[in-house]
There are 2 protein chains.
Amino acid sequence: MEALTGEMENKILDAATRVFVRKGKTGTSMQDIADEAGINRPLLNYYFRSKERLFDQVFYKVFIRFLPDVAKVFNSNLPISEKLSKFIDTYTEMLNQSPLTPIFILNEVATNPGSLVEAIRKMGIDPVILFKQIEDEMQKGILKKDDPRQIMVNMLAMVIFPYAARPMLEHIMFGGNSAEVDLFMEKRNVHLKEFFIRSIKA
Amino acid sequence: MEALTGEMENKILDAATRVFVRKGKTGTSMQDIADEAGINRPLLNYYFRSKERLFDQVFYKVFIRFLPDVAKVFNSNLPISEKLSKFIDTYTEMLNQSPLTPIFILNEVATNPGSLVEAIRKMGIDPVILFKQIEDEMQKGILKKDDPRQIMVNMLAMVIFPYAARPMLEHIMFGGNSAEVDLFMEKRNVHLKEFFIRSIKA
DNA sequence: GTCTATACGCAGATAGAC
DNA sequence: GTCTATCTGCGTATAGAC
């Protein structure tokens, strides 16, 4: 029944991703995934042996999806202020396409730290180069002297947090008005760039 | 066997809180909680009828714990810069005592938005007063003109995110060195105050 | 109030027919 | 490769003895 190789694998993987990301690992049953994929439960085991293995592949896929575009920005020759701006745009675009991803990843890593170790081992992220550049610009007087890691965490925080906390913010700060949050998020890109540059420039 | 009224309830509630916060709602079994409390499984049902009801009480308790101290800061007559500084200290102290709380709350609200609605209805948070004060100081030229909600989200993001993302950051940015992260977090308070004030002052 | 015993369903996983 | 049937264990919850 399968024309292309791995067609069914991808079909399952996509379905599993949607459910896992929405309901979490322990909150998802194999039946949920089978229903989402429109197939039979044993087929999941046939193709992925176990829920554990299926989840691992989903996690890895979701996790890695967030990196290539960002790496491209970080490895470019642009000054920090430009990288920052591009990072905000790139990351925001990804998050708009998969807004549930941050909370999914943060939660899985928190409740099962082992899941991450394997994933990052396979790709070798190295933020050191970026730290060096930041320190360089601090030396040159372009940026205010500070701990580059604090800058990095701030950047991630301000971009990612609103997505992870959206349901909270929507109810507490926006009275449940979802459309208003959308507007807020649209304007946020411009705000962030200004806000951030003001803090780090010398 | 119970001397004080509600002694057993509290014992269970505390145990349940520890397990729920660590493993999440769906990742926690009643047996886990009974073991943690050192009691028998049916006793949980006797005191709380169902896992659902037990969880609801835990969630509400955890959620509300984060508010009174913060509310005190927000309702004071201090200028924004002072409130900000106190907020960072207060929130950080709470988070240091229960560092897993952010990811617990964010995840539960994301996977089951209904849980939040009930909790906030009972306490009536109102950030509008704070927004007005921020706008006031903007009018007076103390703060740079901006959207107060963006400021608010930035503040929450920079304080809360490092706790929610700690396992991630620890592995990716600190090479798994936990002690170094502790040091980083200690220094972060001072950094945050400077960083933030630079961004918002006129 | 606290226990043992138990009911019942659904979870993940596999056997085996087609 | 895909299905039905089935195994086994664990999940929540309750009945009933003490």
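Letters A, B, ... mirror the listed sequences (proteins, then strands); counts begin at 1.
Looking at residues 17-27 of chain B, you'll see that no heavy atom sits under 4.0 Å from any atom of DNA chain D. Contacts with DNA chain D (heavy atom under 4.0 Å) in residues 33-46 of chain A: A/N40, A/P42, A/L43, A/Y46, listed by number.
When the P atom of C/dA11 is taken as reference, atom CG of A/L54 falls 15 Å away, rounded to whole Å. At whole-Å resolution of the value, CZ in A/R53 and P in C/dA13 are 10 Å apart. For the pair A/M30 CE and C/dC10 C1', the computed distance is 14 Å after rounding to whole Å. The CG atom of B/D32 sits 12 Å away from the P atom of D/dC10 (whole-angstrom rounding). Atom CZ of B/F48 and atom C1' of D/dT12 are 16 Å apart (whole Å). As rounded to whole Å, 12 Å separates atom C1' of D/dC10 from atom NZ of B/K51. Across the protein-nucleic acid pair, B/E52 atom CD and D/dT12 atom C1' stand 12 Å apart, rounded to whole Å. Put simply, CD on B/Q31 is 13 Å from P on C/dC3, counting in whole angstrom units.
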Criterion ring pair (Phe, Tyr, Trp, His ring centres under 6.0 Å) on A/F20 and A/F104, from CA distance to verdict: CA-CA 8 Å; A/F20 273 136; A/F104 169 72; 7.3 Å; no
Pair B/H191-A/D146, side chain to side chain donor-acceptor pair (under 3.5 Å): steps then yes or no: CA-CA 8 Å; B/H191 163 81; A/D146 207 333; 2.9 Å; yes
Between side-chain atoms of residues 162-174 of chain A and protein atoms elsewhere (two or more places apart, or another chain), which donor-acceptor pairs fall under 3.5 Å?
unit_1: A/Y163; atom_1: OH; unit_2: A/N96; atom_2: OD1; d: 2.7
unit_1: A/R166; atom_1: NE; unit_2: A/E170; atom_2: OE1; d: 3.1
unit_1: A/R166; atom_1: NH1; unit_2: A/D182; atom_2: OD1; d: 3.0
unit_1: A/R166; atom_1: NH2; unit_2: A/E170; atom_2: OE1; d: 3.4
unit_1: A/R166; atom_1: NH2; unit_2: A/S178; atom_2: O; d: 3.2
unit_1: A/R166; atom_1: NH2; unit_2: A/S178; atom_2: OG; d: 3.1
unit_1: A/R166; atom_1: NH2; unit_2: A/D182; atom_2: OD1; d: 3.1
unit_1: A/H171; atom_1: ND1; unit_2: A/P167; atom_2: O; d: 3.0

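Note on residues 66-80 of chain A: no pairs pass side-chain hydrogen bond (donor to acceptor under 3.5 Å, both in side chains), not counting sequence neighbours. Listed by first and then second residue, the salt bridge (charged side-chain N to carboxylate O under 4.0 Å, His left out) pairs that reach into residues 73-87 of chain B come to none, sequence neighbours excluded.
Here the shortest heavy-atom pairing between A/V70 and A/T90 reads N-CG2, 4.5 Å.
Environment of CZ in A/R65: crowded, with over 12 heavy atoms of neighbouring residues, nucleotides or ligands closer than 6.0 Å.
Applying the side-chain contact (heavy atoms from CB on, under 4.5 Å) criterion to A/N112, with sequence neighbours excluded, gives A/K25, A/S115.
Side-chain contact between B/L13 and B/Q57: present, with at least one pair of heavy atoms (C-beta onward) separated by less than 4.5 Å.
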